[in-house]
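Lettering follows sequence order; numbering is per chain, from 1.
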Protein chains: 2
Amino acid sequence: MSPRPQNSLKRISAKLGVSMTTVSRVLSGQAGKYRISEETAKAILDYARKENFTPNPIAKGLRLRKTNTIGLVIADVSNPFFASIASEITHTTRDHGYSIILCDSQENLAIEKQSIELLWNRQVDGMIICPVGQSSEHLARYADERRRIVLVDRVFPDIGLPYVSSDNFSGGKLATEHLLDHGHRRIACLQGLRGTITSQTRVKGYEAALTACGVPFDPALIVGDSFDEQGGYLDTKLLLSTSPDITAILALSNLLALGALRALAEEKRRVPEDVSIIAFDDQPFLAHLSPPLTTVAQSARAMGGAAVKILFERMRVADAAGDANKAGLLLPVSLITRKSVHQLS
Amino acid sequence: MSPRPQNSLKRISAKLGVSMTTVSRVLSGQAGKYRISEETAKAILDYARKENFTPNPIAKGLRLRKTNTIGLVIADVSNPFFASIASEITHTTRDHGYSIILCDSQENLAIEKQSIELLWNRQVDGMIICPVGQSSEHLARYADERRRIVLVDRVFPDIGLPYVSSDNFSGGKLATEHLLDHGHRRIACLQGLRGTITSQTRVKGYEAALTACGVPFDPALIVGDSFDEQGGYLDTKLLLSTSPDITAILALSNLLALGALRALAEEKRRVPEDVSIIAFDDQPFLAHLSPPLTTVAQSARAMGGAAVKILFERMRVADAAGDANKAGLLLPVSLITRKSVHQLS
DNA sequence: GTGAAAGCGCTAACAT
DNA sequence: ATGTTAGCGCTTTCAC
């Protein structure tokens with residue numbers, strides 16, 4: 001009933017009249033090292049090729065304690081930003097001969113914890129985690145494994161785990177400065193999932209820009225508790241009723257901006273004439289919106305690529321002596337100016 | 001150096017003074033079946049819980065020839081449509097205790113083939129494939145494995161593999177009829193990656209609607225060879241110069257529609273007054289475009305969910321007698337009317 | 001009620 | 001230049 005009557009070293013060695021060891025050696029490219037005769041090697045290689053044989057990675061994994069898999073836990077793959085990270089990670093790990101076991105925590109801390117346990121349990125060789133980002137204790141517990149884990153996007157610099165993220169502080173600051181430069185003073189902030197580290201950092205940048213400009217910081221202008229479109233809609237509605245004097249909105253995700261747009265249209269506020277908008281995470285469609293949105297762009301692919309690079313570097317020196325210096329990387333962000341910010345006279 | 005001094009049945013049995021067999025039985029819930037004494041069972045259970053022990057799935061996989069993993073090969077995870085499929089598949093398989101090994105073929109047939117080989121080789125228990133869709137021979141070779149493979153989205157009904165997709169023919173027909181009803185006769189079609197089965201099927205629906213309405217079918221109106229924004233832009237530019245008399249465009253993906261919008265704006269053609277547009281694959285942002293786009297919606301999540309359901313059903317009866325009847329499923333699509341189609345007088 | 005032993009497919013000492 | 005053997009961690013037949 002087994003679909004492919006699985007071949008094995010044993011079967012091959014029997015068929016060819018050599019020992020398993022020899023077959024194993026030849027097939028793992030160690031023919032030279034063990035001076036296996038040309039003809040023996042060739043016979044084995046030919047036969048393996050003909051039969052399309054590859055050693056069973058499960059058995060190999062058991063024996064070698066190495067599975068050639070990387071665990072990836074992502075907060076939400078259906079979010080295009082995370083999907084791009086995942087895509088890049090999948091491609092680059094593939095190039096190194098590793099497969100990805102994918103877990104999606106659905107922005108849920110409990111699932112995130114379980115997933116990490118599950119992946120270690122499955123003996124992954126390393127792990128890339130894009131955490132929900134509201135809590136880090138469960139991650140700090142893995143500081144010992146630091147060489148085999150890297151955090152991405154929602155990172156915690158102080159728990160001893162290598163990480164790569166965007167320079168979110170600068171992002172928040174850059175966007176706010178842009179608004180300030182255009183004469184805006186009452187600037188609201190749609191912060192997304194409350195307590196998420198990326199949001200918090202961006203909000204800090206927002207505050208810093210305000211303070212540097214001598215504009216009083218009004219906590220009532222910071223709202224929201226999710227990153228999705230509906231959240232942006234609801235929070236903007238609320239904002240418009242409690243603080244009708246706002247002239248600009250900084251939306252910490254593009255989905256949030258979409259929701260804001262919807263609420264604004266419903267309330268008959270024109271964009272950007274009545275209220276300006278800047279969104280986070282540039283996406284192709286943002287240039288086609290009405291109006292085209294000014295955004296803070298960060299490179300998801302660059303983040304994914306960097307994470308893989310760091311992980312492999314660390315795995316390679318896993319048993320080297322010294323504690324490699326803390327590998328934290330913050331990728332630059334950039335402001336993409338389009339037509340959603342109005343110059344106030 | 002090993003990060004977690006891995007526990008094992010052997011270690012536990014030694015510690016507890018019982019045999020590995022007993023530990024194994026208790027831990028796999030077979031205590032009752034083998035009449036293992038309450039106290040022995042409890043001791044084992046308690047200890048395992050305290051030590052946070054779970055049997056090594058690699059060893060288990062080797063022994064049982066079952067890895068509790070499902071291989072997922074997706075044409076492009078960074079495409080939100082596919083990302084949603086992947087997301088749903090990840091969640092539902094997780095509920096059944098399976099993990100996902102993710103491969104992204106990058107719309108590349110060679111990588112797709114390799115990935116399928118790789119996954120079988122890794123002893124996945126089943127596989128969900130969203131193929132590039134331009135060729136099916138390499139898939140047909142797996143007809144024997146039909147019970148453990150299901151095709152998704154870009155499917156081939158005639159190669160003996162179970163599948164789930166959208167009713168693309170109706171989608172193409174529905175959209176075209178809508179255009180026809182609004183008085184359009186010169187309707188262009190941005191077909192995306194040439195030869196992809198979903199495209200071909202939608203184009204057939206387009207043709208059928210045209211024919212039924214007595215409108216001559218003009219091959220020059222069908223253009224394109226990729227699903228991305230740039231393709232949509234280029235092809236629309238081309239179209240506008242070769243067939244300037246078109247009044248409507250049917251874009252077979254939303255990225256394509258975005259490109260068309262850009263080209264149209266550049267050529268100073270107003271949407272929808274000068275040319276109407278209908279796009280495929282509804283996404284939240286399409287409602288916020290200028291103008292809001294009328295689209296053909298298909299449910300990526302429903303497709304993913306259905307694929308998992310079919311796969312598990314088939315895996316469950318894998319060794320049942322009769323050949324289950326061909327499991328092919330076509331999910332309904334729907335037209336979402338917004339403001340990108342103009343009524344011609 | 002419990003255990004000993006074989007074996008899943010592989011690699012790495014340790015022979016020769 | 002090649003083979004023998006043990007063992008990775010687990011389940012399962014067979015034995016008591």
Residues forming a side-chain contact (heavy atoms from CB on, under 4.5 Å) with Ser84(A), sequence neighbours excluded: Ala300(A), Ser78(B)
Inter- and intrachain pairs under ring pair (Phe, Tyr, Trp, His ring centres under 6.0 Å), touching residues 24-63 of chain A, at least two apart: none
Please produce a list of atom pairs where a protein N or O lies less than 3.5 Å from an N or O of nucleotides 8-10 of chain D.
residue : atom : partner  : partner atom : Å
dC8(D)  : OP2  : Lys10(B) : NZ           : 3.4
dC8(D)  : O3'  : Arg65(A) : NH2          : 2.8
dC8(D)  : O2   : Arg63(A) : N            : 3.4
dG9(D)  : OP1  : Arg65(A) : NH2          : 2.1
dG9(D)  : N2   : Ala59(B) : O            : 3.4
dC10(D) : OP1  : Asn56(B) : N            : 2.8
dC10(D) : OP2  : Leu9(B)  : N            : 2.5

Separation of atom NZ in Lys33(B) from atom P in dT11(D), rounded to whole Å: 12 Å
Within residues 17-27 of chain B or reaching into it, pairs that qualify as side chain to side chain donor-acceptor pair (under 3.5 Å) - sequence neighbours excluded: Ser19(B)-Thr22(B)
Separation between CD of Glu117(A) and NE2 of His138(A), rounded to the nearest 0.5 Å: 10.5 Å
Global bending angle along the helix from dG1(C)-dC16(D) to dT16(C)-dA1(D), which compares the axes of five pairs at either end, to 10 degrees: 50°
Short side-chain donor-acceptor distance under 3.5 Å, Arg301(A) and Ser87(A): yes
All side-chain hydrogen bond (donor to acceptor under 3.5 Å, both in side chains) counterparts of Thr90(B), not counting sequence neighbours: none
Cut-off 3.5 Å, no hydrogens considered: what does the side-chain donor-acceptor table look like for residues 94-102 of chain A, sequence neighbours left out?
residue  : atom : partner   : partner atom : Å
Tyr98(A) : OH   : Lys66(A)  : NZ           : 2.6
Ser99(A) : OG   : Arg122(B) : NE           : 2.8
Ser99(A) : OG   : Arg122(B) : NH2          : 3.3

Check nucleotides 13-16 of chain C for protein N or O atoms closer than 3.5 Å to its own N or O atoms and list the pairs.
residue : atom : partner  : partner atom : Å
dA13(C) : N6   : Arg25(A) : NH2          : 3.4

For Val155(A), all residues meeting side-chain contact (heavy atoms from CB on, under 4.5 Å), sequence neighbours excluded: Leu151(A), Tyr163(A), Ser165(A)
Between dG3(D) (P) and Leu16(A) (CG): distance, integer Å: 11 Å
Contact nearer the 5' end of DNA chain C, comparing Ser28(A) with Ala41(B): Ala41(B)
With sequence neighbours excluded, residues passing side-chain hydrogen bond (donor to acceptor under 3.5 Å, both in side chains) with Gln30(A): none
OP1 or OP2 of dT2(C) under 4.0 Å from side-chain N/O of Ser19(B): no
Pairing residues for Asp46(B) by the side-chain contact (heavy atoms from CB on, under 4.5 Å) criterion, not counting sequence neighbours: Lys42(B)
Phosphate-side-chain proximity, Ser37(B) and dT2(C), N/O vs OP1/OP2 below 4.0 Å: yes
Qualifying residues under side-chain hydrogen bond (donor to acceptor under 3.5 Å, both in side chains), relative to Thr93(B), sequence neighbours excluded: none
